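Take a look at the structure below.
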Number of protein chains: 4
Amino acid sequence: MTFSRPIAPVASALREQFRTVRAASVALAAPLSAEDQCIQSMPDASPTKWHLAHTTWFFETVLLQPHAAGYQPFDARFHYLFNSYYEALGPRHPRPQRGLLTRPSLDEVHAYRRHVDEAVLALLAAPEALDWAAIEAIVALGLNHEQQHQELLLTDILHALSCNPLLPAYKPASGPARRLAAVPAEVRWLEQPGGTVEVGHAGEGFCFDNETPRHAALLRPYAIADRLVNCGDYAQFIADGGYRRPELWLSDGWATVQAQGWRHPAYWLEADDPRIATLGAGGGPATPGGWQVFGLHGVRPMEADAPVSQLSFYEAAAYAEWAGARLPTEFEWEAAFDAPGIAQMSGHVWQWTRSSYDPYPGFRPLPGIAAEYNGKFMVGQLVLRGGSVATPAGHTRPSYRNFFPPAARWQFSGLRLAKDL
Amino acid sequence: MTFSRPIAPVASALREQFRTVRAASVALAAPLSAEDQCIQSMPDASPTKWHLAHTTWFFETVLLQPHAAGYQPFDARFHYLFNSYYEALGPRHPRPQRGLLTRPSLDEVHAYRRHVDEAVLALLAAPEALDWAAIEAIVALGLNHEQQHQELLLTDILHALSCNPLLPAYKPASGPARRLAAVPAEVRWLEQPGGTVEVGHAGEGFCFDNETPRHAALLRPYAIADRLVNCGDYAQFIADGGYRRPELWLSDGWATVQAQGWRHPAYWLEADDPRIATLGAGGGPATPGGWQVFGLHGVRPMEADAPVSQLSFYEAAAYAEWAGARLPTEFEWEAAFDAPGIAQMSGHVWQWTRSSYDPYPGFRPLPGIAAEYNGKFMVGQLVLRGGSVATPAGHTRPSYRNFFPPAARWQFSGLRLAKDL
Amino acid sequence: MTFSRPIAPVASALREQFRTVRAASVALAAPLSAEDQCIQSMPDASPTKWHLAHTTWFFETVLLQPHAAGYQPFDARFHYLFNSYYEALGPRHPRPQRGLLTRPSLDEVHAYRRHVDEAVLALLAAPEALDWAAIEAIVALGLNHEQQHQELLLTDILHALSCNPLLPAYKPASGPARRLAAVPAEVRWLEQPGGTVEVGHAGEGFCFDNETPRHAALLRPYAIADRLVNCGDYAQFIADGGYRRPELWLSDGWATVQAQGWRHPAYWLEADDPRIATLGAGGGPATPGGWQVFGLHGVRPMEADAPVSQLSFYEAAAYAEWAGARLPTEFEWEAAFDAPGIAQMSGHVWQWTRSSYDPYPGFRPLPGIAAEYNGKFMVGQLVLRGGSVATPAGHTRPSYRNFFPPAARWQFSGLRLAKDL
Amino acid sequence: MTFSRPIAPVASALREQFRTVRAASVALAAPLSAEDQCIQSMPDASPTKWHLAHTTWFFETVLLQPHAAGYQPFDARFHYLFNSYYEALGPRHPRPQRGLLTRPSLDEVHAYRRHVDEAVLALLAAPEALDWAAIEAIVALGLNHEQQHQELLLTDILHALSCNPLLPAYKPASGPARRLAAVPAEVRWLEQPGGTVEVGHAGEGFCFDNETPRHAALLRPYAIADRLVNCGDYAQFIADGGYRRPELWLSDGWATVQAQGWRHPAYWLEADDPRIATLGAGGGPATPGGWQVFGLHGVRPMEADAPVSQLSFYEAAAYAEWAGARLPTEFEWEAAFDAPGIAQMSGHVWQWTRSSYDPYPGFRPLPGIAAEYNGKFMVGQLVLRGGSVATPAGHTRPSYRNFFPPAARWQFSGLRLAKDL
Ligand SMILES: [Fe+3]
Ligand SMILES: [Fe+3]
Ligand SMILES: [Fe+3]
Ligand SMILES: [Fe+3]
């Protein structure tokens with residue numbers, strides 16, 4: 001890559017973007033106490049403090065140590081503590097024990113962030129001296145990495161709070177819950193022609209390696225729903241015995257339903273849940289079915305026209321089966337991104353697709369330690385498309401491939417229906 | 001489907017085919033004692049006796065009970081004991097406890113087989129009275145089902161015998177191990193043009209629902225190896241630290257290597273394995289590296305030019321990474337089936353592909369209880385193509401999709417390399 | 001120890017005893033098929049065939065190899081396969097995998113028994129040449145060891161058969177179930193003075209090391225029930241909510257009740273149990289409460305005046321608490337052995353005591369490999385006293401200490417009440 | 001019980017004692033951050049904050065709610081959150097999830113403590129109006145309960161800090177580690193006559209129900225070591241292969257050694273431990289063997305003459321076996337409490353005995369909810385006697401029975417040898 005752009009204004013903009021993204025992480029953690037920020041509620045979720053430190057470690061390790069001459073690490077031991085999964089970087093603190101790191105303290109982690117922020121900004125202040133193309137790519141990766149962790153910071157703390165029988169709010173709602181639509185809107189089916197479509201990342205901007213190379217795919221004609229499946233829809237599935245009918249479920253899904261005792265989405269509460277009845281969580285007027293839903297604002301009455309969320313792939317697939325439809329493939333979803341009349345494609349919930357997370361034809365991982373970023377997870381997971389309320393603005397795009405194992409249900413994950421024509 | 005064929009000769013041929021396939025199951029079990037046929041060595045494997053009974057149950061349940069007027073079940077309780085996973089048919093004996101069924105005895109299971117065989121042959125002897133199209137399809141499904149279980153019967157008993165420290169043979173080799181090729185043949189890369197290819201089952205014969213519908217797929221140009229990866233190749237991977245280098249492995253694969261202590265394929269034994277050294281299993285002249293391999297004929301010196309087998313997907317993918325290549329996708333494999341110069345496409349080992357087991361576009365499961373046959377397993381598994389030494393002759397075809405979870409390694413499963421052009 | 005006895009008649013008697021005990025094991029296995037004799041239903045239970053081989057291995061290892069000049073082992077590999085837990089003898093086949101030993105076959109194990117029997121009888125036929133005191137002690141230990149395994153052979157196969165949903169009988173009852181007593185007999189409390197009592201083995205005959213040394217113990221005055229708790233008693237405990245009232249249970253016991261879903265003794269079946277209702281097990285006229293009980297003769301209606309059996313220590317202790325009584329200590333039990341009016345002290349069920357299995361003051365294990373026989377298990381277990389229907393005649397005695405972990409409930413284990421005065 | 005004492009001064013003294021004990025808990029937590037106080041490192045250990053709240057809940061539940069007219073609970077939901085194991089008080093927060101309670105915050109827990117402290121002191125300020133005998137007993141129980149939790153607070157936070165690879169100190173040592181004795185002192189064996197001894201609590205002061213009733217026990221003559229086993233002794237056991245020789249271990253102990261990979265006491269570090277070598281924990285001059293030991297002051301060189309601690313019963317018993325001795329029974333220990341020349345009986349480490357935690361003859365639990373305090377744990381545990389550096393001054397006594405399961409090794413637990421005469 002060669003640069004004909006003048007570097008100084010680009011570097012200046014990047015510094016500003018760096019400040020903005022880094023500040024956003026701190027702001028997300030602000031409503032939480034040091035205690036809140038320390039705990040880990042399951043091996044798949046990490047403490048807030050760990051997210052704050054790990055994203056900092058990423059800049060220190062990938063940017064500063066190789067590229068900032070004379071950089072002094074804040075604390076050499078953090079290399080061990082805050083590496084997530086990079087085997088090439090040696091042994092690291094075991095993931096399931098991240099919640100045991102009461103030391104370093106939250107204050108020390110903030111000092112760590114400031115130390116690294118200053119070094120990064122100083123580095124970017126003298127761009128002419130640098131291998132700018134490499135630096136710019138690394139910073140872009142680091143910022144997108146940090147944005148991914150911003151979403152995880154929210155979904156992980158939400159999971160932790162959901163394990164507290166008091167079901168406390170991440171932060172109080174700023175106003176009353178909005179009035180519910182009396183009747184859920186009918187779904188409209190948008191017919192798509194299929195054929196040969198181009199998928200994967202196009203253009204100049206940042207993307208992850210798993211979105212490349214852009215390539216052609218063949219689609220049959222199909223229809224896709226204009227909106228997400230909402231809570232009212234999903235409550236009908238439950239009321240119709242959805243969680244008791246094996247014929248609707250994939251085999252592994254049914255085994256999970258039985259082993260885990262699933263009867264509704266992860267954060268739904270039945271009207272007689274003891275956490276409401278005895279411990280006083282929740283409140284507000286009863287909804288049809290009496291469902292209450294835990295979320296970032298605590299427990300609120302279920303809103304029928306809000307997208308259903310915190311759903312596993314297994315539940316999404318069973319719902320689709322029940323509805324006489326199916327999930328779209330990731331390419332059907334991508335091809336319909338700009339379809340006239342389509343809504344809620346991003347900013348509400350990630351949408352499970354019927355596509356396993358396989359490499360694209362010709363896929364090559366990034367060079368260096370970033371090679372471990374995406375490719376090594378390409379087995380046993382499903383692709384989600386879109387983006388959620390917890391996704392930082394501007395972070396996602398139509399070719400973006402999110403991925404989780406089929407039983408995961410602590411994300412803002414829901415679904416949109418599709419069907420064959 | 002309408003039939004202009006005269007039914008009688010077709011029915012006669014089907015009766016003959018039925019006799020042949022059913023007899024083959026019994027013949028496969030013949031070298032085994034009643035004790036051998038009773039045990040279950042892990043939840044994923046079933047006892048020989050259970051395979052003999054379950055395949056019989058399938059004919060009883062799917063063919064005789066709905067279609068043979070006046071059929072009397074051999075024993076009403078077998079409906080509970082020998083259902084495998086059909087939820088629509090009600091509760092059933094738990095899979096992990098199949099090895100505890102010492103009763104019914106093996107003799108009773110043979111009597112059950114004879115009872116059902118007679119009823120089926122009697123039914124097929126009067127084809128004019130029947131809904132022949134339906135009957136023929138069911139019998140074909142039942143026979144293909146039985147052939148699948150014939151392969152599993154072998155892989156399952158082999159696993160069971162591998163758990164015996166004496167490593168007994170399923171049956172003695174009929175002759176000496178063949179002479180080893182002094183030098184493994186070089187792999188030749190067969191270049192394929194890619195483009196739009198038709199995949200999935202074509203033609204009149206039997207196929208499973210997961211092979212349909214036939215559809216077009218787009219392939220980039222690629223090269224595929226003319227032969228399978230053999231034991232000599234794989235021994236080099238081991239010698240080069242293959243099982244100690246995380247950068248070669250998918251994340252889940254590396255976790256499995258560490259958790260399970262894998263250091264070689266499932267049935268390979270190191271030269272100093274106490275089962276050889278102390279208990280006297282194996283024998284024969286030492287090979288380079290000293291490897292011995294357990295198989296249907298017991299422990300034999302590793303043959304460098306024999307295809308490597310009993311490999312998980314994780315190991316296959318790590319080997320490919322080490323070799324600077326990759327696994328073919330299932331469609332690349334299928335498109336290359338008749339490529340000039342290609343060898344060992346079937347009859348040696350099933351070949352892991354880099355394709356998750358997802359439904360084909362427009363996939364519809366079979367109607368009735370056979371709906372549970374394939375579709376409900378379409379998550380979390382990988383496709384294997386080809387066929388193995390344990391696959392009954394004539395059972396497989398180029399469009400055949402076998403599937404197993406990525407950690408499974410008790411099958412005759414190996415790999416063939418591919419690469420981008 | 002010196003012997004003034006003439007050895008020849010003693011040796012002749014010992015040979016006869018050897019033949020009798022050895023034949024009894026074979027006779028116990030006779031009603032079982034080779035399949036039955038091969039399986040293992042849980043890690044704590046062993047296959048019948050393994051019991052037959054292991055008791056033989058014991059004679060081979062402890063008697064023949066050190067003492068029979070020129071003895072040729074039947075198969076050197078059996079040393080590895082049939083060692084139970086003797087660390088001093090090197091590595092051995094893992095206990096949880098005993099059920100995977102389809103080879104050696106049952107026929108080979110019988111040949112092994114004959115080989116060892118002949119060698120032992122030959123050895124004992126020339127007693128003058130021997131260190132007879134040592135030999136006699138070893139043979140006595142070996143025969144008592146075999147008798148212990150005879151009881152386990154029955155309890156283990158009963159557990160295995162209980163895992164078969166058909167609930168087959170070990171052997172059919174020889175006659176109709178006996179007529180039930182219309183009213184359970186009142187318990188009579190036998191008052192005992194306590195004081196200083198001598199406990200532990202006395203006299204010349206065989207005993208295990210854990211019964212020694214005989215020593216004095218201090219007892220408070222107490223009362224002990226003249227009879228065992230019977231099924232009718234126990235059914236009242238269940239009917240009174242015994243399995244739902246945590247205040248009756250030890251903490252670990254209540255945790256087990258909840259984790260395992262216990263609602264009645266291990267082999268009791270509720271009237272609507274699907275194994276009776278659907279699979280046709282059991283039968284006979286309904287009893288009050290509708291209970292049926294699985295046992296060596298299959299499923300039979302519960303007999304109110306039969307001792308309750310297959311009970312864990314936790315259940316025994318909870319029952320005693322419910323009854324306003326307690327379990328006797330092992331010394332209270334032993335001191336009351338000959339109390340006037342006491343009944344059912346042996347030959348019905350082993351009786352849980354309120355004594356942990358600790359070493360006696362001055363306890364010394366046997367020398368040599370027999371040191372591992374008892375002492376190393378003296379933690380985490382409870383003492384049972386008496387003897388059961390499955391205990392070979394003449395095997396037990398008042399000082400005999402049986403022991404099992406508190407959750408074990410596949411033995412013929414029940415209880416007798418005691419209380420403070 | 002009738003009181004001829006004037007109540008006012010007694011009540012005044014009790015108020016003072018209450019203030020002292022309650023303040024001690026707060027002081028113990030003071031060196032810890034809110035983060036430190038929130039986490040739970042294993043199901044058996046509780047967060048500091050939870051200890052602070054639970055001991056408060058105990059006074060609220062057992063004292064204030066039944067006896068303080070008009071008492072208003074601080075927060076009704078705490079009844080659910082901070083009940084430990086009292087089944088009679090209804091459902092409660094699951095023990096393994098105590099570390100997820102970031103709310104209530106530490107500040108709120110301190111406010112809870114103040115609220116309850118004020119109410120207790122107000123109650124005790126008007127003793128004439130009360131059923132004083134009952135109140136005094138409850139307060140004494142509550143204070144002893146709190147002292148037990150003070151010790152657990154330390155052992156639990158020490159375990160949590162031991163899970164942090166930085167091995168931080170609970171608080172820095174106030175001075176340099178004391179100079180090591182060049183040669184461990186020889187053990188002297190104190191011969192005891194045995195005979196009939198009285199054991200159990202005597203006198204007027206407080207004791208727990210499990211120390212009663214006082215009763216006679218018979219002891220054989222025995223010898224007991226004048227001092228504890230120290231680290232230098234134990235290092236010799238390790239150097240002599242103690243952790244690799246099964247013959248030294250109880251069967252369950254050896255299984256635990258293998259399953260857990262034990263090679264030394266819980267908080268010992270080998271010289272090449274990566275936490276020292278890489279992360280910089282520990283320091284100080286190397287000792288013979290290079291052992292370092294983690295403790296309340298962080299990692300320090302092993303002191304040969306300090307009592308070995310953080311030992312399981314299994315390790316204690318194996319050490320005794322290796323030393324040709326045994327553990328004392330709890331009554332031998334109690335009878336030797338005042339033996340001339342005996343040292344280190346309390347204030348260093350709790351001492352494992354060879355006595356299972358069984359009820360004393362005639363044992364009766366306390367009435368009311370305190371019935372669940374001790375009795376329901378009387379199975380599967382071993383008695384420890386003495387008291388440790390972490391035991392509050394004045395809390396323990398010669399008849400005090402501490403108890404833990406045999407594998408527990410996060411306590412200040414060590415051993416003293418005994419032997420038969
Ligand atoms: Fe990351
Ligand atoms: Fe099948
Ligand atoms: Fe034995
Ligand atoms: Fe407590």
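If you're wondering where the values come from, they're calculated on a predicted model, not measured in any experiment.
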Which label fits [X] and [Y]: parallel for a plane angle under 30°, tilted from 30 to 60°, or perpendicular past 60°?
X        : Y        : value
A:Trp410 : A:Phe404 : perpendicular
B:Phe237 : B:Trp249 : tilted
B:Trp350 : B:Tyr400 : tilted

Region of [X] in contact with chain B, defined by heavy-atom distances below 4.5 Å:
X        : value
A:Ala88  : neither
A:Tyr85  : neither
A:Arg354 : both
A:Trp254 : side chain
A:Ala317 : neither
A:Thr196 : side chain
A:Pro406 : side chain
A:Tyr314 : side chain
A:Leu219 : neither

Check: B:Gly90 main-chain N/O paired with B:Arg92 side-chain donor or acceptor under 3.5 Å: yes

Ring centers of A:Phe331, A:His215 separated by less than 6.0 Å: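 For A:Phe331 and A:His215, the ring centres are under 6.0 Å apart.
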
Ring centroid separation B:His93 to B:His54 under 6.0 Å: no

Side chain proximity check, B:Trp50 to B:Ser84, heavy atoms < 4.5 angstrom: yes

Engaged part of B:Tyr222 at the chain A interface, taking heavy atoms whose separation is under 4.5 Å: neither

Structural part of B:Leu382 lying under 4.5 Å from a heavy atom of chain A: side chain

Using a cut-off of under 4.5 Å on heavy-atom pairs, state which of [options] scores highest against chain B.
options                                : result
A:Gly362, A:Ser355, A:Gly253           : A:Gly362
A:Ala371, A:Ala217, A:Pro359, A:Gly375 : A:Pro359
A:Glu247, A:Gln381, A:Met378           : A:Met378

Residue among B:Pro405, B:Pro246, B:Ser251, B:Gly380 with most heavy-atom pairs under 4.5 Å to chain A: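 It is B:Ser251.
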
A:Trp322/A:Asp240 under side-chain hydrogen bond (donor to acceptor under 3.5 Å, both in side chains): CA gap, chis, key distance, verdict: CA-CA 9 Å; A:Trp322 173 81; A:Asp240 195 36; 2.6 Å; yes

NZ or CZ of A:Lys419 within 45° of A:Trp189 ring axis and under 6.0 Å: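 Flagged: A:Lys419 positioned over aromatic ring of A:Trp189.
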
Audit row: A:Arg245, A:Glu321, salt bridge (charged side-chain N to carboxylate O under 4.0 Å, His left out) steps and yes/no: CA-CA 11 Å; A:Arg245 292 167 53 185; A:Glu321 182 75 19; over 6 Å; no

